[in-house]
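Have a look at the structure below before the remarks.
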Amino acid sequence: MPLLTVVSWTAAGPETPPPETRCFTESGRALECVREGEGWTVSRLISTDLKDYLDPHFQPGAAYRPE
């Protein structure tokens, strides 16, 4: 169904800014985190050490505090 409006199709919907993402490196691993309020939440872990994936501190959704 076509969008029937006189407003541009890019301005027709509500605009929500994307969440701030940042990649932190720590001891050979990379953590991709998303800003939530005042802190950061892990969204992805990139590591070659398989033990890092079992660590609950690096699981997606875990709170992360950079040093």
Side-chain angles (χ1 to χ4, degrees):
M1 175 180 234
L3 182 63
L4 302 175
T5 180
V6 294
V7 180
S8 168
W9 68 273
T10 58
E15 293 184 24
T16 57
E20 180 185 357
T21 60
R22 188 177 292 173
C23 192
F24 298 100
T25 56
E26 175 184 312
S27 302
R29 66 183 70 92
L31 293 167
E32 185 177 282
C33 298
V34 177
R35 170 76 91 185
E36 288 190 4
E38 295 295 318
W40 295 93
T41 301
V42 176
S43 64
R44 184 168 66 153
L45 168 67
I46 303 167
S47 176
T48 56
D49 187 4
L50 297 177
K51 290 184 276 185
D52 289 340
Y53 292 94
L54 298 175
D55 191 347
H57 296 101
F58 303 131
Q59 295 293 319
Y64 179 72
R65 292 190 177 94
E67 297 176 5

Considering non-hydrogen atoms only, spot the tightest contact between Cys33 and Phe24 and give its length. SG-CD1, 3.7 Å
Applying the 4.5 Å side-chain criterion to the ILVMFWY set and letting contacts propagate, would Leu45 and Tyr64 be lumped into a single cluster? yes
Does any non-hydrogen side-chain atom of Trp40 lie less than 4.5 Å from one of Arg35? yes
Would Leu31 and Ile46 show up in the same hydrophobic cluster when neighbours are defined by side-chain heavy atoms closer than 4.5 Å? no
What distance do Thr41 atom OG1 and Gln59 atom CD have between them, rounded to the nearest 0.5 Å? 13.5 Å
Minimal non-hydrogen separation, His57 against Ala62, with atom names: O-CB, 3.7 Å
Please determine which of Leu50, Asp55, Leu54, Asp49 meets the side-chain contact (heavy atoms from CB on, under 4.5 Å) test together with Asp52. Asp49
